[in-house]
Structures are given as C-alpha cells and as structure tokens.
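Below: the structure, in structure tokens.
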Amino acid sequence: MGWVINLFLRVERRREDGFHDLASLFQVVSWGDDMAFQPLGSSAGRDELVCNVADIPTDSRNLAIKALDLFRRKTGSQERFRVWLDKRVPHGAGLGGGSGNAATALWAANELSGRPAGREDLAAWAGEIGSDISVFFGSGASYCLGLSTPAVFKALRLASRSAVDPRQLLAELQKRRTVTQDICVNDLEQPAFELLEELTEIRARMVESGAFSAVFMTGSGSTMVGVGSDALPETLAHWRRDLFVAPARPLLRDPWGWYARPHDSLLRALLPRVEKPTGLGLF
C-alpha cells in the first residue's frame, strides 16, 4: 500500500470544543510498507504480527491488529491471521503508514473471509480506529475534513493562516492538472517550523536547489515534499547524510484491485526459515 501526502491543508477555524476544522486534499503515492497475510483459523486464539522493525508494537497497539479486531467485531468472523509487515514508512512521519496498514488489514481480512463486507462498509468502519484510514479505500485522491497533531495545533497562530478558500485550491488543481507552489498551502507549517526549526532550513535548501516545482510540508510534519525530481539536491545530500529520502509517484487506482500483488521476496526477506504461507501478498 502507499503512503499519503497533503497537497494542501487549510485550518478553517478553531471550534468551541478546542478542536479545529480542516480541509485537505490527500494524495496516495507509490511508496509504502509491504504486508502479507495468512489465515490461521478460528482456533488460533490470537493474531500474530511479525515486523522487521524492532520498536513497532506487534500487539493490539498496532493499527493493523486493531483493524483485524474491528473486522471480527463487525462481521462476527472468528478467523485469526498471521501478518508479515515490512516497515518502510518512518514511524511518526505524518505519512499515514499505520493508517495504510490498517486499511490493508481490513481489506485482506475481508478478501480471505469471502468478502462479507462491501468497500463502503470497510471505509465506514475504519473511522472507529483512525480518521484518515478511509482515504486508502478510495481511488488515490480524496478531499477530506478532519483533525491532526495536538502539539502543532497548540502552537498555531490563527492570524498566520492562509485566507484562500480550500475549494478554490481544489478547483485550481483540477484545472491545471499539475502541482504548483501556490496550490500547496499548509497552515500547519508555521507552528511546525517553530517547534522544529530544522524544517525551515530543509525547506529553504530544497527551494534554493531549483530542483522542485513545489516544496511543502505534508500534514503536521515533519516530512517535506518536493515535486519534480527524484534526486536529492547536493546542497541537502552534503549537509545531512541521515535524511530519509523516498522517491514516489501519485497513485490512481481501481477499487478493490489495488492492494493485491504476489510478493514472495517479502516473505523470504522477513522469515527466511519459515515456509511461505498461503494467503495474500500486498503492497
């Protein structure tokens, strides 16, 4: 499955309950975690999750396991699963890695159980464990309203927000069919840059390189996106060699079919001494 970036993110208002109304265009891109699933039967007692990253929880704290629990609760299924997770999306990077894993787990459980639920059911149920999980059941781009990271919102100065109508941004993107700097408005850059000053320099170096037609922060940070070049500019490469860089492409796909892909190499890489299971390989 892919990860998601916010092509624009507008904070429309601070509500009386202290939360914020957001308007954002989510875009799924072609780089993410790999997962594979094997049914264990109803007598297994619990799901099993194996991950290549040591500090990723493999119990009910993991969104993939929460998704499997949710599927059973909604459908009455007793099926348990073994899940292999090859984690590539950085944890806590604001790229929706965990949400994508949860959506994939819901989809896989449904497929391996004979599709007792429709795609609309899965998307609706997903909201119970994560507000952005339903994005992954769409065709790749979704206009959404929602909430985000508390620390960044606490530092947000409402007077610093853009005044542009998010529907105007959406209309301009649809008309131009290309991503330009003026469309990539993110009202959360101000508080995020104040909380992590390094983001300001990363953005400046990306802009100065001239390699990108647009440079913007996605979500509430701390990931910066550059549109137009796969190569890391030398000004950044020489400055910091520990930066995480992942070239990606926007994804548009058909419902139901976009998850499945044979992926034997994933299973060999994660569990070289375990016989390859029968089930689903996903990306």
Side-chain angles (χ1 to χ4, degrees), residues 1-11 20 22-33 87-100 132 135 140-142 144 146-157 160-162 164 166 169-170 172-173 176 178-251:
M1 80 296 299
W3 64 19
V4 290
I5 60 173
N6 302 86
L7 293 180
F8 64 78
L9 193 158
R10 284 291 336 281
V11 179
H20 297 76
L22 303 186
S24 180
L25 179 61
F26 285 76
Q27 175 65 59
V28 180
V29 296
S30 61
W31 201 94
D33 299 338
K87 190 69 179 166
R88 297 192 292 172
V89 178
H91 178 64
L95 294 168
S99 296
D132 59 350
V135 170
S142 301
C144 304
L147 304 173
S148 193
T149 307
V152 175
F153 277 99
K154 187 176 181 180
L156 172 67
R157 295 193 303 273
S160 70
R161 292 174 300 158
S162 167
V164 66
L169 295 174
L170 185 60
E172 284 295 319
L173 184 58
R176 300 179 195 177
T178 186
V179 178
T180 55
Q181 188 65 60
D182 61 316
I183 290 176
C184 299
V185 175
N186 188 340
D187 288 334
L188 297 183
E189 284 190 355
Q190 166 259 313
F193 285 14
E194 291 179 3
L195 292 170
L196 186 61
E197 294 182 0
E198 188 178 25
L199 290 176
T200 304
E201 185 168 3
I202 292 175
R203 187 187 190 283
R205 287 175 180 264
M206 291 177 71
V207 171
E208 291 168 2
S209 73
F212 307 105
S213 61
V215 177
F216 57 94
M217 185 184 78
T218 179
S220 56
S222 56
T223 298
M224 299 297 299
V225 178
V227 178
S229 175
D230 288 345
L232 182 67
E234 291 186 4
T235 54
L236 279 173
H238 295 322
W239 173 57
R240 290 286 300 272
R241 298 187 182 278
D242 60 341
L243 290 174
F244 171 79
V245 181
R249 299 285 184 275
L251 284 182

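Hydrogens, waters and symmetry mates play no part in the numbers below; they use all other heavy atoms, side chains included. All residue numbers in this chain count up from 1 along the given sequence.
Residues passing the side-chain contact (heavy atoms from CB on, under 4.5 Å) test with Val164, sequence neighbours excluded: Arg10, Ser162, Gln168, Leu169, Val185. Take Arg176 and apply the salt bridge (Lys or Arg N to Asp or Glu O under 4.0 Å) test, not counting sequence neighbours, and it matches Glu172, Asp182. Residues that satisfy the side-chain hydrogen bond (donor to acceptor under 3.5 Å, both in side chains) test with Arg205, not counting sequence neighbours, are Glu201. With sequence neighbours left out, the side-chain hydrogen bond (donor to acceptor under 3.5 Å, both in side chains) criterion links Glu194 to Arg157, Gln190. Not counting sequence neighbours, the partners of Ala155 by the side-chain contact (heavy atoms from CB on, under 4.5 Å) test are Pro191, Leu195. Taking the side-chain contact (heavy atoms from CB on, under 4.5 Å) definition, one finds that Ala211 meets it with Ser209, Ser229, Pro233, sequence neighbours left out.
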For this session: Go through Val29 and Ile5 one step at a time and tell me if the side-chain contact (heavy atoms from CB on, under 4.5 Å) criterion holds.
Result: CA-CA 7 Å; Val29 296; Ile5 60 173; 4.2 Å; yes
For this session: Please step through side-chain contact (heavy atoms from CB on, under 4.5 Å) for the pair Leu7 and Phe216, ending with a clear verdict.
Result: CA-CA 8 Å; Leu7 293 180; Phe216 57 94; 4.0 Å; yes
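Contact between Thr218 and Val4 at its shortest, heavy atoms only, is OG1-O, 4.3 Å. The heavy-atom pair separating Leu199 from Met224 by the smallest distance is CD2-CG, 4.1 Å. Among all heavy-atom pairs drawn from Leu170 and Phe8, the shortest one is N-CE2, 3.8 Å.
Applying the side chain to side chain contact (heavy atoms under 4.5 Å, CB included) test between Val152 and each of Leu196, Asp187, Leu188 identifies Leu188 as the sole match.
Between the side chain of Asn6 and the backbone N or O of Ser24 there is no donor-acceptor pair closer than 3.5 Å. When atom types are taken as modelled, the side chain of Asn186 and the backbone of Met217 share a donor-acceptor pair closer than 3.5 angstrom. Judged by distance alone, the side chain of Ser142 and the main-chain N or O of Phe26 form no donor-acceptor pair under 3.5 Å.
Using a 4.5 Å heavy-atom cutoff, the side chains of Leu22 and Phe153 are in contact.
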